[in-house]
S.K.: 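My structure is below; once you've seen it, I'll send some questions.
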Amino acid sequence: MSTLAIHNTLTRRKEPFVPLVPGRAGVYVCGPTVYDYIHVGNARTFSVFDLVVRWLRATGLEVTYVRNVTDVDDKIMDRARARGEPIEALTERTVAAFEEDCARLLLVKPDREPRATRYIGPMVELISVLESKGLAYRAANGDVYFSVRDFPGYGKLSRRNLDDLRAGERVAIEAAKHDPLDFVLWKAAKPGEPAWPSVFGDGRPGWHIECSAMSARELGATFDIHGGGWDLQFPHHENEIAQSEGASGQPFVRYWMHAAFLNMGEEKMSKSLGNVATAREVLASLDPVQGGEQLRLLLLRGHYRSEITYTRELLDDAGNALRGLYTALRETPPADGPVDWTSPWAARFRDAMNDDFDTPVAFAVLHELRAEVNRTRSPALAGLLKGLGATIGFLQQEPDAFLKGGVTVDVAALIAERQAAKRAKDYARADAIRQELDAAGIVLEDKPGGVTEWRKK
RNA sequence: GGCGGGGUGGCAGAGUGGUUAUGCAGCGGCCUGCAAAGCCGUGUACAGCGGUUCGAUUCCGCUCCCUGCCUCCA
């Protein structure tokens with residue numbers, strides 16, 4: 001029986017997963033900055049860690065899943081100002097939209113969703129500790145900065161050498177910093193901006209300190225898995241390590257995981273290219289019943305450390321694959337019951353998932369199992385297919401409802417008329433009705449015994 | 001300039017020193033009034049050039065190409 005191995009960004013190797021506390025796992029994922037809808041790239045990252053959490057639980061671990069909400073940030077203030085909307089109204093509205101998107105993507109709700117604005121106290125405390133250890137300083141402009149060169153391990157996650165960093169090449173260097181690489185922990189209040197009182201004066205936290213403070217509060221100084229998008233390795237996660245380990249003197253994270261990017265067609269998705277697709281606009285273009293799981297499959301069928309491409313064609317492709325799986329479950333109603341992990345399919349599936357969440361191989365097993373279900377019509381094997389799907393958040397909808405999708409037209413009368421025509425051997429009329437329904441996006445399937453089933457095209 | 005990830009059959013996407021990945025699409029067959037679904041069958045894929053080896057897509061070197069990060073960024 002295999003055991004879980006995870007690729008650790010810190011060591012760039014797959015390592016056996018050994019939780020800090022046996023039987024338990026703490027997972028922290030950098031969540032959204034709530035100034036706008038999430039895009040499909042964000043959706044990929046969140047889907048990846050949803051998969052991770054589900055699989056950890058499937059292996060029997062008791063997981064505490066924390067995903068933060070960044071609700072104080074320059075982008076939020078800019079957006080609120082541009083819209084003439086109070087900051088809190090903007091963030092509340094965006095959080096609500098985010099939760100809708102997550103629900104449609106079938107993401108499990110995190111156990112804790114700490115919001116930055118409710119953890120200002122812990123952040124200030126953390127900065128004070130850093131200051132007391134000589135790792136933070138108050139600059140002339142009132143800001144508080146982290147002194148990067150005073151933290152010996154800086155760069156160990158992203159494998160960067162301080163002297164190789166091109167500090168300030170793309171951003172104007174703040175003159176108040178002692179070193180261009182230093183990053184802000186506390187920003188002094190400016191007129192018209194939200195501010196909180198602190199020993200450093202009125203102000204607001206920097207982005208990086210949020211995650212250090214909230215993760216420590218929810219999971220402790222050391223915890224098991226910290227996840228995020230590939231681009232967060234530097235500087236965000238590097239800075240988190242500097243803050244958290246600098247303050248606690250303890251190892252911060254045992255396993256760092258980073259989800260690769262989703263590209264739009266041939267290009268990187270970026271605002272400057274104007275090719276950003278929000279999750280909700282993609283979902284709005286899909287069937288209301290099938291779309292969420294369809295997009296989820298597109299996002300998860302590639303390995304999480306490989307870049308994937310988003311195109312309409314690939315989305316259709318994922319929808320077709322999903323339809324095949326659900327068709328098998330419709331034709332052979334699955335038996336209820338726990339997964340029999342001694343079954344060869346289950347064992348192969350588990351081995352794949354344990355091998356650093358190798359979803360491509362796991363889905364290959366599911367597809368082979370689907371064929372076996374179709375051949376044998378075994379409710380037990382159908383139950384296994386559904387049960388394995390459950391461990392990664394797939395195949396849990398009612399098959400017939402899934403296959404019918406969001407079709408709302410009443411087809412019963414036409415199907416009845418066609419069956420009468422068939423009985424009368426009026427095939428011209430029967431085929432005409434079928435073509436009419438086909439034009440409406442409905443496919444008929446004649447079954448033995450004169451039964452006609454239908455599904456969305 | 002520094003550091004990193006890749007190039008697999010029409011498309012997507014794993015993996016392996018020698019044996020079918022898998023899916024979607026296509027083609028042929030069975031089934032069907034005809035279809036659909038399903039089942040069966042069907043693809044001399046591993047960027048190029050050298051090297052190691054009995055044997056390399058898989059290891060090593062070089063070349064070409066694509067691509068990410070270097071304080072907005074999932």
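So you know, we letter chains A, B, ... as the sequences are listed, proteins then strands, and number each from 1.
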S.K.: Send over the distance from A/Glu445 CD to B/C31 C1', rounded to a whole Å.
M.R.: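 Answer to the nearest Å: 14 Å.
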S.K.: Can you figure out which of B/G13, B/A36, B/A74 approaches the side chain of A/Arg455 most closely?
M.R.: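 Selected nucleotide: B/A36.
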S.K.: Can you tell me, in whole Å, how much space there is between the C1' of B/G2 and that of B/A14?
M.R.: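 Taking atom C1' in both B/G2 and B/A14, they lie 32 Å apart.
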S.K.: Please give the distance between the C1' atoms of B/A25 and B/C11 as a whole number of Å.
M.R.: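 It works out to 8 Å between them.
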S.K.: Nearest to the A/Asn320 side chain among B/A37, B/G33, B/A25, which nucleotide is it?
M.R.: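 Shortest atom-to-atom distance from the side chain points to B/A25.
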S.K.: Judged by each residue's nearest nucleotide on RNA chain B, which is more toward the 5′ side, A/Asp431 or A/Val365?
M.R.: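 On the 5' side of the pair lies A/Val365.
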S.K.: So is A/Arg149 actually on top of A/Tyr154's ring, under 6.0 Å and inside 45° of the axis?
M.R.: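 No, cation not above the ring by the 6.0 Å, 45° rule.
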S.K.: For B/A74, does the base pair up with any side-chain atom of A/Arg44 as donor and acceptor (N or O, under 3.5 Å, distance only)?
M.R.: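 Answer is no: no donor-acceptor pair is held.
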S.K.: Is it possible for you to check whether A/Arg280 lies under 6.0 Å from the centre of the six-membered ring of A/Tyr37, through NZ or CZ, and within 45° of that ring's axis?
M.R.: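 Judged by the rule (NZ or CZ under 6.0 Å from the ring centre, within 45° of its axis), A/Arg280 counts as positioned above A/Tyr37.
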S.K.: A/Lys422 side chain: which of B/G33, B/A74, B/G23 is closest?
M.R.: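 Ranking B/G33, B/A74, B/G23 by closest atom to the A/Lys422 side chain puts B/G33 first.
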S.K.: Starting from C1' on B/G2, measure out to CZ on A/Arg160 and report it in whole angstrom.
M.R.: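 In whole Å, B/G2 C1' lies 9 Å from A/Arg160 CZ.
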S.K.: Under 4.0 Å between any heavy atoms, over every strand shown, what does A/Ala328 touch: base, sugar-phosphate, or nothing? Just pick one.
M.R.: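 Here A/Ala328 touches no strand at all.
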S.K.: Ignoring hydrogens and geometry beyond distance, is the side chain of A/His39 in donor-acceptor contact with the base of B/A74 at under 3.5 Å?
M.R.: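 Per atom types, the contact qualifies.
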S.K.: Would you mind reading off the distance between A/Arg305 atom CZ and B/A14 atom P, rounded to a whole angstrom?
M.R.: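 Distance check: A/Arg305 CZ to B/A14 P gives 10 Å.
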S.K.: Could you tell me how far apart A/Phe234 (CZ) and B/G5 (C1') are, to the nearest whole angstrom?
M.R.: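 Answer to the nearest Å: 18 Å.
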S.K.: Please check if any side-chain donor atom of A/Gln233 sits under 3.5 Å from a side-chain acceptor atom of A/Thr9, or the reverse.
M.R.: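 No donor-acceptor contact under 3.5 Å links the two side chains.
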S.K.: Just to be sure I understand the rule, does A/His236 reach a base, reach only the sugar-phosphate, or reach nothing, if contact means heavy atoms closer than 4.0 Å?
M.R.: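 It contacts nothing in the nucleic acid.
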S.K.: Counting side-chain heavy atoms from C-beta on, which of B/A21, B/C40, B/C69 comes nearest to A/Ala364?
M.R.: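 Per side-chain heavy atoms of A/Ala364, the pick is B/A21.
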S.K.: What is the distance from NE2 of A/His237 to C1' of B/C69, rounded to the nearest Å?
M.R.: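 The answer, rounded to whole Å, is 14 Å.
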S.K.: Please evaluate the base of B/G2 for a donor-acceptor partner in the side chain of A/Asp163 within a cut-off of under 3.5 Å?
M.R.: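 It does not, because no donor-acceptor pair links the side chain of A/Asp163 to the base of B/G2 below 3.5 Å.
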S.K.: According to the Watson-Crick and G-U wobble definitions, with both distances under 3.5 Å, which nucleotide is paired to B/C31?
M.R.: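 The base-pairing partner of B/C31, which may sit in any strand shown, does not exist here.
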S.K.: State whether A/Arg370 places a side-chain N or O below 4.0 Å from either non-bridging phosphate oxygen (OP1 or OP2) of B/C24.
M.R.: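 Answer yes for this pair, as a side-chain N or O of A/Arg370 is under 4.0 Å from OP1 or OP2.
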S.K.: Using the rule for Phe, Tyr, His and the six-membered ring of Trp, do A/Phe261 and B/A74 stack at under 5.5 Å and under 30°?
M.R.: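 A/Phe261 vs B/A74: stacking yes.
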S.K.: Could you give me the CA-CA distance, side-chain angles and deciding distance for A/Lys109 and A/Asp50, then say whether salt bridge (charged side-chain N to carboxylate O under 4.0 Å, His left out) is met?
M.R.: CA-CA 9 Å; A/Lys109 192 140 177 78; A/Asp50 176 82; over 6 Å; no
S.K.: How many whole angstroms separate atom CD of A/Gln294 from atom C1' of B/C24?
M.R.: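 Going from A/Gln294 (CD) to B/C24 (C1'), I get 12 Å.
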S.K.: If we call it a pair only when both distances are under 3.5 Å in a Watson-Crick or G-U wobble match, what pairs with B/C64?
M.R.: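 The base-pairing partner of B/C64, which may sit in any strand shown, is B/G7.
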S.K.: Below the 4.0 Å mark, does B/G4 have OP1 or OP2 next to a side-chain nitrogen or oxygen of A/Arg159?
M.R.: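 Looking at the OP1 and OP2 atoms of B/G4, neither is under 4.0 Å from any side-chain N or O of A/Arg159.
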S.K.: Verify the stacking flag for A/Tyr427 against B/G33: centroid separation must be under 5.5 angstrom and the ring planes must differ by under 30 degrees.
M.R.: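 Whether judged by distance or by angle, A/Tyr427 passes, so it stacks on the base of B/G33.
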S.K.: Is the positively charged end of A/Arg296 above the ring of A/Phe394, judged by distance under 6.0 angstrom from the centroid and angle within 45° of the axis?
M.R.: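 The answer is yes, since A/Arg296 meets both limits relative to A/Phe394.
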S.K.: Closer than 4.0 Å, any side-chain N/O of A/Ser158 to the OP1 or OP2 of B/C3?
M.R.: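 No.
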S.K.: Counting only side-chain N and O atoms of A/Asn161, is one of them less than 4.0 Å from OP1 or OP2 of B/G2?
M.R.: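 No, because none of the side-chain N or O atoms of A/Asn161 sits under 4.0 Å from OP1 or OP2 of B/G2.
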S.K.: Kindly point out which of B/C72, B/G23, B/A21 is positioned nearest to the side chain of A/Lys75?
M.R.: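 Output: B/C72.
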S.K.: Just the rounded figure in Å: distance from C1' of B/A25 to CZ of A/Arg312.
M.R.: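 From A/Arg312 CZ to B/A25 C1': 17 Å.
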S.K.: Given atom CZ of A/Arg13 and atom C1' of B/G4, what is their separation to the nearest angstrom?
M.R.: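 Going from CZ in A/Arg13 over to C1' in B/G4 covers 17 Å.
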S.K.: Heavy-atom nearest nucleotide on RNA chain B for A/Val443 versus A/His303: which residue maps closer to 5'?
M.R.: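 This one resolves to A/His303.
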S.K.: Report the nucleotide, chosen from B/C69, B/U22, B/A74, that has the shortest atom-to-atom distance to any side-chain atom of A/His367.
M.R.: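 Of the options given, the side chain of A/His367 lies nearest B/U22.
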S.K.: Between A/Phe252 and A/Tyr28, is the ring centroid distance below 6.0 Å?
M.R.: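 No.
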S.K.: The side chain of A/Trp207 is closest to which nucleotide in this list: B/C34, B/U67, B/C73?
M.R.: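 The answer is B/C73, which lies nearest to the side chain.
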S.K.: With no hydrogens and no angle check, just 3.5 Å: does a side-chain donor-acceptor pair link A/Asp71 and A/Thr91?
M.R.: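 The criterion, which ignores hydrogens and geometry beyond distance, is not satisfied for A/Thr91 and A/Asp71.
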S.K.: Considering only B/G33, B/A14, B/G68, which nucleotide approaches the side chain of A/Glu307 most closely?
M.R.: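 Shortest atom-to-atom distance from the side chain points to B/G68.
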S.K.: Quick one: label A/Arg301 by what it contacts on the DNA or RNA (base, sugar-phosphate, nothing), any heavy atom closer than 4.0 Å.
M.R.: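 The answer is sugar-phosphate, as A/Arg301 gets under 4.0 Å only of primed atoms, P, OP1 or OP2.
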S.K.: Between B/G4, B/A37, B/G13, which nucleotide gets closest to the side-chain atoms of A/Arg12?
M.R.: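 Shortest atom-to-atom distance from the side chain points to B/G4.
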S.K.: Looking at A/Phe200, does the NZ or CZ of A/Arg138 lie under 6.0 angstrom from its six-membered ring centre and within 45 degrees of the ring axis?
M.R.: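 Judged by the rule, A/Arg138 and A/Phe200 form no cation-pi pair.
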S.K.: State which of B/G68, B/A21, B/A74 makes the closest approach to the side chain of A/Val361.
M.R.: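 When the side chain of A/Val361 is considered, B/A21 is the closest of B/G68, B/A21, B/A74.
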